[in-house]
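Shown next, in structure tokens, is the structure this report addresses.
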Amino acid sequence: MKNILVIGSTGQIGSELTMLLRRTYPNGKVVAGYIRGCEPQGKLLSSGPSEEADVCNRKQIEDIVDKYDIDTIYNLAALLSATAERLPLKAWDIQMNGLINVLEVAREKKCAVFTPSSIGSFGPSTPRHNTPQDTIQRPTSMYGVTKVATELLSDYYYTKYGVDTRAVRFPGLISYTTLPGGGTTDYAVEIYYAAVQGEEFVCPIAAGTYMDMMYMPDALRAAIEIMEANPRYLKHRNAFNIASMSFEPEEIAAAIRRYIPNFRMRYEVDPVRQHIADSWPDNMDDTCARKEWGWAPSYDLDSMTQDMIKNLKIKLNK
Ligand code: AKB
């Protein structure tokens with residue numbers, strides 16, 4: 001049995017992860033933590049408990065951990081990369097002061113913690129191709145700064161206090177359930193909505209810009225598998241490179257045209273997002289995740305495209 005608190009349960013990852021955790025641990029309690037203004041709706045609300053859980057409010061987190069006898073915290077509260085460039089101090093507050101709150105509660109109450117890192121934790125001096133697990137991490141965005149610090153602080157709490165912290169470096173995540181918002185990789189979600197609605201897509205990322213991407217079912221599985229992994233085999237903890245596909249805008253557009261032949265795309269490059277994308281790797285090497293806990297993705301660009309289009313047609317009545 002597991003009792004889990006998901007902080008940020010109504011966001012892009014949280015809305016799906018909370019539901020999957022409830023299915024995976026039917027005898028446990030999976031609490032959907034939310035902030036005011038982002039309350040859970042529909043199945044997320046009706047399928048289990050929910051509580052206001054502002055990551056910046058340590059007492060709130062502590063009370064929920066006590067009330068539900070929580071043993072694992074998924075801390076998904078974060079401003080994504082482009083938003084964090086606009087609101088750097090708010091990003092710092094949520095990502096760093098929030099993380100300290102979670103780690104302190106976890107230390108006192110003996111909880112395991114998953115706080116995701118990202119391809120954003122790398123920077124322009126990182127090797128671009130086959131980016132190794134252990135390498136230079138000198139990001140130039142505020143999002144990246146907070147993600148490297150998240151990795152370091154999470155490892156610190158493990159080595160200093162024995163808090164069971166583990167995580168992955170997520171690529172850009174693609175899903176049809178909840179939109180991301182404020183990320184550099186969001187274009188790879190928005191492009192499918194435009195294609196299914198028969199609209200021309202205006203791409204904010206320049207042709208030729210490769211970034212690691214992943215379909216949400218693989219990302220959710222990774223988030224659960226890393227927390228279930230046998231600690232004896234973990235040489236790393238915060239955080240593992242995980243990869244499944246890397247593409248640039250022309251390649252995803254071509255994948256969509258195999259199913260929607262008249263799909264059109266033009267470019268209006270957003271300088272903020274492009275600057276961030278140019279500082280991130282083209283593709284990561286995930287050998288350590290494969291070796292240490294058996295990570296393997298199931299989706300590639302074509303199978304993801306088929307599934308995205310099929311499900312968006314249902315969702316958007318097309
Ligand atoms: C973003 O684009 O900011 C995120 C990420 C890759 O971490 N999707």
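We count ligands from 1, going down the list as the structure has it; atoms in each ligand are counted the same way.
Which parts of ligand 1 touch G183 is read off a 4.0 Å heavy-atom cut-off, strictly below it: atoms 1 (C), 2 (O), 3 (O). Each of the following atoms of ligand 1 lies closer than 4.0 Å to a heavy atom of I119: 6 (C). Close approach of ligand 1 to W280 is summarised as follows: ligand atoms under 4.0 Å from at least one heavy atom of the residue are 1 (C), 2 (O), 3 (O), 6 (C). Using a 4.0 Å cut-off to heavy atoms of S118, the atoms of ligand 1 that qualify are 5 (C), 6 (C), 7 (O).
When only non-hydrogen protein atoms are considered, atom 8 (N) of ligand 1 lies nearest to T185 OG1, 2.9 Å. Looking at atom 3 (O) of ligand 1, its nearest protein heavy atom turns out to be S81 OG, 2.6 Å. Protein heavy atom closest to atom 2 (O) of ligand 1, with residue, atom name and distance, is T184 N, 2.7 Å.
Checking only distances, D186 never comes within under 3.5 Å of ligand 1, N or O to N or O.
By the 6.0 Å contact criterion, NZ on K313 is open, its count of non-hydrogen atoms from other residues, nucleotides or ligands being 12 or less.
Geometrically, R257 does not engage F263 in a cation-pi contact defined by less than 6.0 Å to the ring centre and at most 45° from the axis.
Side-chain polar atoms of Y215 and D307 form a donor-acceptor pair below 3.5 angstrom. Judged purely by distance below 3.5 Å, without hydrogens or angles, the side chains of E52 and Y34 never pair a donor atom with an acceptor atom.
Look at E62 and K109 and you find no salt bridge, because none of the NZ, NE, NH1 or NH2 atoms lies under 4.0 Å from a carboxylate O.
F240 pairs with exactly one of W295, W293, F170 by the ring-ring contact (aromatic ring centres under 6.0 Å, His included) rule, that one being W293.
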